[in-house]
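Each remark here refers to the structure printed beneath this line.
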Amino acid sequence: MSLLEVSGLEAGYETGQILFGIDLAIEEGEAVGLLGRNGAGKTTTMRAIMGADLPRIIDGSIRYRDAELLDRKSYDRADQGISFVPEERQLFPRLTVTENVHIAASAAEDPLPAEEMFDLFPELDEMRDRHAKNMSGGEQQMLAIARALVSNPDLMLLDEPCEGLAPQIVERLEDVVTRINDERGVTVLIVEQNVATAMAVADRHYILDEGRIVEEVTTDRLREDDELRQRHLGV
Amino acid sequence: MSVATLASTPDELPSIPWLLAGLALLAVVIVTLAVRPQLFISNLVGGLVYGMILMMIALGLSLILGLLGVVNFAHGALFMLGAYGAYQTVALFELPFWLALVVVPIGVGLLGVLMEVTVLRRLYGEDPLIGLLATFGVALMLEEATRAQWGGTPLSFDPPAVLRASVQVGFLEIATTRLFTAAVGALVVGGLYVLMYRTDFGLSIRAGLQDQQMAEFLGIDIPKRFTIVFFIGAAIAGLSGVLRGAEVGMDLGMGMDFVILAFVVIVVGGLGSIFGSVVSALLIGVAVFVTPVMLRAATTVAGLEWLYVSGIGGLMPFLVMIGVLLVRPRGLFGEEGLLE
Amino acid sequence: MSDATEPTADGRDRLLASISRYQVPIGILLLVGLLRPVIAHDALLGSSYIASSMLIWMLFAAAFNLLYGYSGLLSFGHAIFLGTGIYGVAIGLRHFDLPYLVAAPIGVIVAGLIAYGIARLIVGYGEIYFAMLTLAFAEAIHFVVNADPFGLTGGADGLRSGTTPGWIESFRGQSVVQLGGGEFDLYYFVAIVFVLATLALWQIVRSPFGRTLVAIRDNEELARAMGISTARYQVWAFTLSGIFSAIAGTLLVIRNSGASLENFGMMTGAEVILMSIFGGMSYFFGPIAGAFSWFFAREYLTNLEMVAVPLLGTVDVGPILGYWRFFFGFLFVVVIVLSPREGLWGFVRSIADRVRRRLTEVIRE
Amino acid sequence: MTDTSSDDATEAERVTDDATDPASVTGPGTDHESLDPTEAALGARGLTKRFGELTAVGGVDLAVPEGELRAIIGPNGAGKTTFFNVLTNALEPTAGAVYLHGEEITGTPQYARPHDGLVRSFQSNQLFTEQTVHENVRIVAQTAEQGAFSLDLLGRGRDLATERAHEVLELTELDDLAEETAKNLSHGDQRRLGIAMALATDPSVLLLDEPTSGLGAVETETTADLIEDIQSELGLTLLLIEHDMNIVLSRSDRITVLHRGEVLTTGTPEEIRNDDAVQEAYLGERDEEGSL
């Protein structure tokens with residue numbers, strides 16, 4: 001039994017269908033990458049798993065611990081141990097760092113102590129009372145990860161956590177995500193434009209193109225096969 | 001154009017015209033205090049109490065506005081129902097006023113919840129104007145239902161003896177209803193503040209205000225919380241209705257009148273700012289009551305009695321609003337980009 | 001469409017095309033011609049008494065919809081403009097002895113200026129702001145009129161005597177226009193103005209200006225990026241809407257024989273919104289249909305005393321239907337929740353479409 | 001108009017001086033830009049946009065010569081779309097100046113830009129959804145003919161605009177779909193309509209924000225061909241945000257790489273392909289040791 005199993009997922013927006021049948025399965029404890037060009041449907045897949053208002057689901061199923069998720073509200077999904085670091089981070093801009101972390105903890109059944117988050121990201125410790133909107137991109141991203149982690153999730157969805165960040169911060173984040181996966185045993189599904197980051201964090205990858213999974217590869221194969229990368233990812 | 005605004009610093013000194021206007025205002029206040037001290041002070045108190053009522057309605061309105069993006073037009077009708085509910089309890093059922101003070105707001109709150117569940121829930125995420133129109137329709141229905149039940153003529157009821165008395169403060173006699181209203185208003189503001197800023201519930205509401213979808217991603221059942229907030233907002237409207245009814249009675253127009261005034265308060269205070277609503281409600285309340293006295297005193301002293309405009313008080317909220325909009329388009333304490 | 005092979009078919013197509021192109025003017029003329037005799041029929045109201053009021057409110061609603069339906073701006077304050085038209089005529093006739101044909105244009109122009117001023121001040125704010133601010137302005141102006149500045153407006157009493165033009169003769173509730181020896185019912189005077197004004201509104205809606213308004217309503221951000229000065233278009237939409245509302249006002253003052261404070265009241269602005277949206281703001285005829293149903297419902301329902309209900313016998317519904325506004329409000333909320341832009345007219349059209357499709361099928365067979 | 005805009009311009013320059021010295025902000029690669037912004041078809045100097053403490057665009061210098069196809073690339077969140085937004089004044093820049101054919105246009109309102117010849121398309125499909133394809137283009141053409149505001153109630157300008165709309169639809173191969181309602185078009189046709197509308201303003205400088213996003217491989221190539229054809233036919237200066245590296249490397253004259261709101265470098269496709277900094281920041285092809 002996989003932790004998360006998506007099959008035949010079709011979804012779209014008012015402007016048109018984006019996903020044309022996504023199939024993927026993630027085992028407990030794995031770290032899996034979801035790659036593809038812009039517009040391939042990566043973010044749409046993540047939002048569908050999390051149960052966002054949009055996209056609209058057309059067909060398919062999303063099973064988590066062998067129970068169907070599709071008819072559940074997103075807050076129910078969160079309660080079952082799924083947490084989400086969305087693209088653009090979506091911090092609460094006019095709440096402080098502490099409040100951003102605390103609100104996630106207060107909604108969780110068995111949260112981690114907030115102090116652990118501040119140990120993990122000492123940068124955040126120094127700006128506990130700062131409003132999220134007044135932080136740099138890298139600090140915001142750390143806070144978004146801390147907020148997702150504090151609820152003590154079993155599955156963590158990360159949507160482009162490293163976009164637009166400086167290389168040294170990207171490395172920090174790669175390291176943190178790897179540790180979350182290795183040391184805490186949190187299952188990770190990560191969307192990345194930056195293939196290097198995806199390879200650093202995940203062991204296995206699905207490649208999306210035009211709303212379909214076109215390839216499933218290991219990190220080693222992805223690293224070696226230049227032609228594959230060029231064809232599907234344009235790098 | 002706003003490049004220029006960016007360059008100007010907030011702690012700039014007030015310009016000469018502002019200084020002159022301030023001095024003129026001060027002069028008029030002094031003149032009024034000299035000519036009619038008692039009337040001035042008592043109207044000041046009356047204005048503050050009126051402002052308290054405005055403030056309570058405006059807080060409920062702005063809470064729902066911030067949360068659902070809907071100007072709840074029926075908020076005024078809920079306020080009106082509070083007053084009529086109190087009339088029903090006290091004058092018709094002959095039950096104690098204190099009971100009405102507790103039961104009526106709860107009833108009005110429940111009615112608000114009914115409205116939220118049956119009408120507004122269907123309109124989440126729609127064009128905000130649709131929500132405005134739908135609640136407007138509901139307001140008309142409530143008004144018509146009130147007319148059917150209690151008739152179209154103004155009504156009033158006798159508040160308990162304690163509230164009919166008055167207290168001597170210095171040389172001033174203040175009706176206890178006014179003191180009571182002011183006290184309840186202060187309690188409501190304090191309570192709302194604590195709820196919003198000192199509890200997890202309030203934190204989740206504030207988060208939901210800023211990014212509803214993300215709050216749900218974190219596992220917070222935002223729709224349920226919205227319903228609770230709707231209850232609170234409606235109950236506060238009902239409570240202010242009971243107080244208003246005890247002080248001056250009720251009529252069918254009070255709902256619409258006050259919902260407009262409450263919106264003016266929100267615009268003047270700045271959308272999304274509790275503090276702004278409080279300040280502007282009191283400011284407008286005082287302006288309504290004190291301006292006529294000041295104008296009368298100033299024109300009498302200056303011998304320009306033809307300058308006196310009767311009914312200027314009721315016009316004040318709108319004059320204040322137009323003035324504020326011209327000078328500070330986002331209101332006194334408004335934040336940029338909220339709800340636009 | 002243009003490359004038809006047979007000449008006869010071509011001719012018929014062209015006729016059909018021009019009918020569909022000019023369906024609005026044709027509809028307006030049909031409406032004006034049929035309204036009075038139809039509602040006077042015994043099966044309907046049995047009296048033509050309110051026909052001219054209906055036309056005036058139809059014009060008001062159509063003018064309102066130029067703003068809401070076509071530019072997406074909601075105004076709760078349109079009573080300002082109707083009222084300015086009414087009071088412009090009443091004040092001009094009563095206090096300044098102006099002829100109607102001078103006072104009415106003055107009232108319309110003043111309304112246009114007020115509309116322009118208000119719009120300039122508030123058009124940049126978000127939609128909700130805009131709607132509520134129009135309401136605040138309406139309240140403020142209501143207040144001023146109520147205060148009877150310089151003894152002009154008569155305060156809460158309004159203006160009655162001396163506000164009817166000399167060429168109007170009223171007896172037993174019927175108003176008659178006397179012109180050059182002949183006389184005809186006021187309805188026809190109203191009808192002429194109505195036709196001219198609604199044709200003008202129709203022309204505005206289909207003009208490049210009107211099409212641009214619709215584009216702005218659709219996507220304001222895109223419109224601005226494509227070089228459209230959205231704010232100025234909206235200011236002018238508001239101004240024109242105010243002007244045509246005032247034209248309705250200059251007629252209503254004759255019909256009501258005077259001006260009353262409630263013309264500026266909150267409910268006046270509210271009623272035009274209810275009518276327009278109930279009728280269907282997406283269509284030119286929507287608000288017109290809405291105004292019709294409003295007056296029809298009011299007259300019909302309030303005159304209804306007894307209703308025969310199967311199994312229950314006759315029921316005295318008079319007391320309930322006296323509160324017909326409650327039910328109208330209910331229907332309004334239902335329309336808003338189900339299909340906010342379509343309304344009654346959209347419903348009628350969808351039925352008509354279905355019938356037409358069915359008919360063509362039958363004919364083909 | 002000219003008066004106010006020049007006032008705003010001086011105001012903006014003063015802000016620039018207060019906030020950041022443009023020379024000190026610009027990244028190391030900017031010497032690749034040999035042209036002065038005031039002599040270019042489209043130029044920017046020290047263009048900056050901050051949201052609170054967040055700098056989305058930080059002191060960008062840019063000079064695109066007449067007739068060039070310039071690609072703007074950079075990882076997500078590099079500030080590319082925000083850069084377009086400040087160039088067209090959809091967002092007011094915090095500091096800096098924008099030049100069009102040598103004239104400073106920094107303070108002019110957003111709607112005035114297309115009339116000066118600078119227009120942009122949107123990343124997501126932004127259309128007048130309820131109207132036909134032809135009407136979408138016609139409204140824009142009419143605006144181009146009649147100015148930012150025209151109270152044309154009698155429809156005098158309609159015929160000219162209709163003709164122009166037909167021309168543009170032919171050029172973009174949308175004429176078959178002219179009477180279709182915009183919201184019913186396929187995603188690809190909607191993208192094309194977006195470009196058609198921008199062309200209807202009769203621009204001299206065209207900004208395209210990811211014209212191929214959401215398109216399949218074949219459609220992407222067709223769109224790229226179309227863009228190239230249009231550019232050569234109309235002699236446009238083109239600024240193109242694009243993710244597809246194949247298209248960027250094969251079609252553009254020069255490439256500007258944005259990274260975290262700043263210009264990392266500008267150069268020919270060949271130079272960019274071989275630039276180590278770009279490889280590291282953008283393409284992500286770096287040593288594995290550092291990251292693991």
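The shown structure was predicted, so the numbers you read here are calculated from the model rather than taken from an experiment. So you know, we letter chains A, B, ... as the sequences are listed, proteins then strands, and number each from 1.
- C:Met226 is not listed as a side-chain neighbour of D:Ile139, based on a closest heavy-atom distance of 4.5 Å or more.
- Both the backbone and the side chain of D:Phe149 come within less than 4.5 Å of a heavy atom of chain C.
- Neither the backbone nor the side chain of C:Ala200 has a heavy atom closer than 4.5 Å to any heavy atom of chain D.
- Minimum heavy-atom separation, C:Pro208 to D:Gly155: CD-CA, 3.3 Å.
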Pairs table: donor-acceptor atoms between chain C and chain D closer than 3.5 Å:
| unit_1 | atom_1 | unit_2 | atom_2 | d |
| --- | --- | --- | --- | --- |
| C:Gln203 | NE2 | D:Leu153 | O | 2.7 |
| C:Arg206 | O | D:Arg158 | NH1 | 3.3 |
| C:Arg206 | O | D:Arg158 | NH2 | 3.1 |
| C:Pro208 | O | D:Gln142 | NE2 | 3.1 |
| C:Arg211 | NE | D:Glu135 | OE2 | 3.0 |
| C:Arg211 | NH2 | D:Gln131 | OE1 | 3.2 |
| C:Thr212 | OG1 | D:Gln142 | NE2 | 2.9 |
| C:Asp218 | OD2 | D:Thr129 | N | 3.2 |
| C:Asp218 | OD2 | D:Glu130 | N | 3.0 |
| C:Asn219 | ND2 | D:Gln126 | OE1 | 2.7 |
| C:Asn219 | ND2 | D:Leu127 | O | 3.4 |
| C:Gly227 | O | D:His115 | NE2 | 2.6 |
| C:Ser229 | N | D:Ala148 | O | 2.9 |
| C:Tyr233 | OH | D:Ser150 | N | 3.2 |

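- Neither the backbone nor the side chain of C:Val205 comes within contact range of chain D, judged by heavy atoms closer than 4.5 Å.
- Of all non-hydrogen atoms in D:Pro114 and C:Gly227, the two that sit nearest each other are CG-N, 3.4 Å.
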